[in-house]
Amino acid sequence: MGTLRPRTGWSGHRHRRVHPDGPAAHHRPGRGRVDLALRALLRPGVLLLLGAAAVGLGGMFAVYSYITPTLTHRAGLPSGAVPAVLAVWGLGMAVGNLAGGYLADRFPDSAPFAILTVFAAFLAVFAVVSTSPVGAVVGVFTIGTSFAIVPCLQSRLMDVAADAQTLAAAGNHAAGNLANALGAWLGGVAIDLGGGWASPAGVGVAMAAAGLLFLVAAPTQWRDTA
């Protein structure tokens, strides 16, 4: 038997060098798909929904960022009770997530409007009733349920984004992080301006209303792609 030798790229084959910036570079597999996905991500309907998530959900983080002093200084709860109240918040988020998935399936167009409207009302009520321990705990649960907006917007993004579903899903997570930053910052600004521990809830009402404005601008985009 002869000795097997590895075949080099130049043995028995004619090779053509392709300049990185030549015509062939513009026809690489996948390049067209990336361009198509980026164009789909920049559709007005997608951007409006991401804006609704970044602004509308910020109210939840405005309250959450300062929930400990709100509970201890405003509601009069002992600091040792804060972890239990945060567990109530988490329970509200779990309930909201389940409810949001159901509403997204049954009422895909109207559910985001209803959720943000109810969320704004919950925040307004929390600003009033958070002076009592019971009112604060109940308010924390109801604000947590605002997480229902997440599956609703995620579902609509999958429909509107079309060829950019992966990027849209990532964008929804990024919008959530932006909501966290905006809510915490604006809530802190309100407190620094002398609004007191109830002022982050007021900021949340304004942010939920702003999120509704994004949704108002989006319905024609939804109907065109549904």
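- Residues Met60 and Val118 do not share a hydrophobic cluster, defined by chaining ILVMFWY side chains whose heavy atoms lie under 4.5 Å apart.
- Cluster annotation: Ile143 and Val128 are assigned to distinct hydrophobic clusters (Ile/Leu/Val/Met/Phe/Trp/Tyr, side-chain heavy-atom contacts under 4.5 Å, transitive).
- Panel note: side chain Ser155, backbone Cys152; no donor-acceptor pair is recorded below 3.5 Å.
- Note on residues 113-131: pairs passing side-chain hydrogen bond (donor to acceptor under 3.5 Å, both in side chains), not counting sequence neighbours, are Arg74-Ser130.
- Among residues two or more places apart in sequence or in another chain, the side chain to side chain contact (heavy atoms under 4.5 Å, CB included) test is passed with Ala148 by Ile115.
- Shown here for Ala210 and Val55, the closest heavy-atom pair between the two residues is CB-CG1, 3.4 Å.
- Under the side chain to side chain contact (heavy atoms under 4.5 Å, CB included) criterion, Val189 pairs with Trp185, Leu193, sequence neighbours left out.
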With side chain to side chain contact (heavy atoms under 4.5 Å, CB included) as the criterion, how do Phe61 and Leu182 come out once you've worked through the C-alpha distance, each side chain's angles and the decisive distance to 0.1 Å?
CA-CA 8 Å; Phe61 294 106; Leu182 281 175; over 6 Å; no
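- Among residue pairs with one or both ends in residues 125-147, none qualify as ring-ring contact (aromatic ring centres under 6.0 Å, His included); sequence neighbours excluded.
- Asp109 is listed as a side-chain neighbour of Arg156, based on a closest heavy-atom distance under 4.5 Å.
- Residues passing the side-chain hydrogen bond (donor to acceptor under 3.5 Å, both in side chains) test with Asn180: none are found, sequence neighbours excluded.
- Residue pairs meeting the side-chain hydrogen bond (donor to acceptor under 3.5 Å, both in side chains) criterion with at least one partner in residues 53-72, sequence neighbours excluded, are absent.
- Transitive grouping of hydrophobic side chains (ILVMFWY, heavy atoms separated by less than 4.5 Å) brings Val85 and Leu123 into a common cluster.
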Which atom pairs, donor and acceptor, lie under 3.5 Å between side-chain atoms of residues 87-104 and protein residues at least two apart or in another chain?
from: Tyr102; atom 1: OH; to: Arg106; atom 2: NH1; distance (Å): 2.7

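- Linking Ile, Leu, Val, Met, Phe, Trp and Tyr whenever their side-chain heavy atoms come within less than 4.5 Å leaves Val205 and Ile191 in two separate clusters.
- Within the structure, side-chain hydrogen bond (donor to acceptor under 3.5 Å, both in side chains) pairs that include any residue of residues 190-214 do not occur (at least two apart or interchain).
- Every residue was checked against the side-chain hydrogen bond (donor to acceptor under 3.5 Å, both in side chains) condition with Ser146, not counting sequence neighbours, and none meets it.
- At least one side-chain heavy atom of Leu157 sits less than 4.5 Å from a side-chain heavy atom of Val46.
- Here CG of Leu116 is found 11.0 Å from CE of Met207. Values are rounded to the nearest 0.5 Å.
- Following chains of ILVMFWY side-chain contacts shorter than 4.5 Å, one can reach Leu57 starting from Leu86, so the two form part of one hydrophobic cluster.
- At least one side-chain heavy atom of Phe113 sits under 4.5 Å from a side-chain heavy atom of Leu212.
- Leu215 approaches Ala52 most closely through the heavy-atom pair CD2-CB, 3.7 Å.
- At a threshold of 4.5 Å between non-hydrogen side-chain atoms, the residues Val129 and Val138 do not count as touching.
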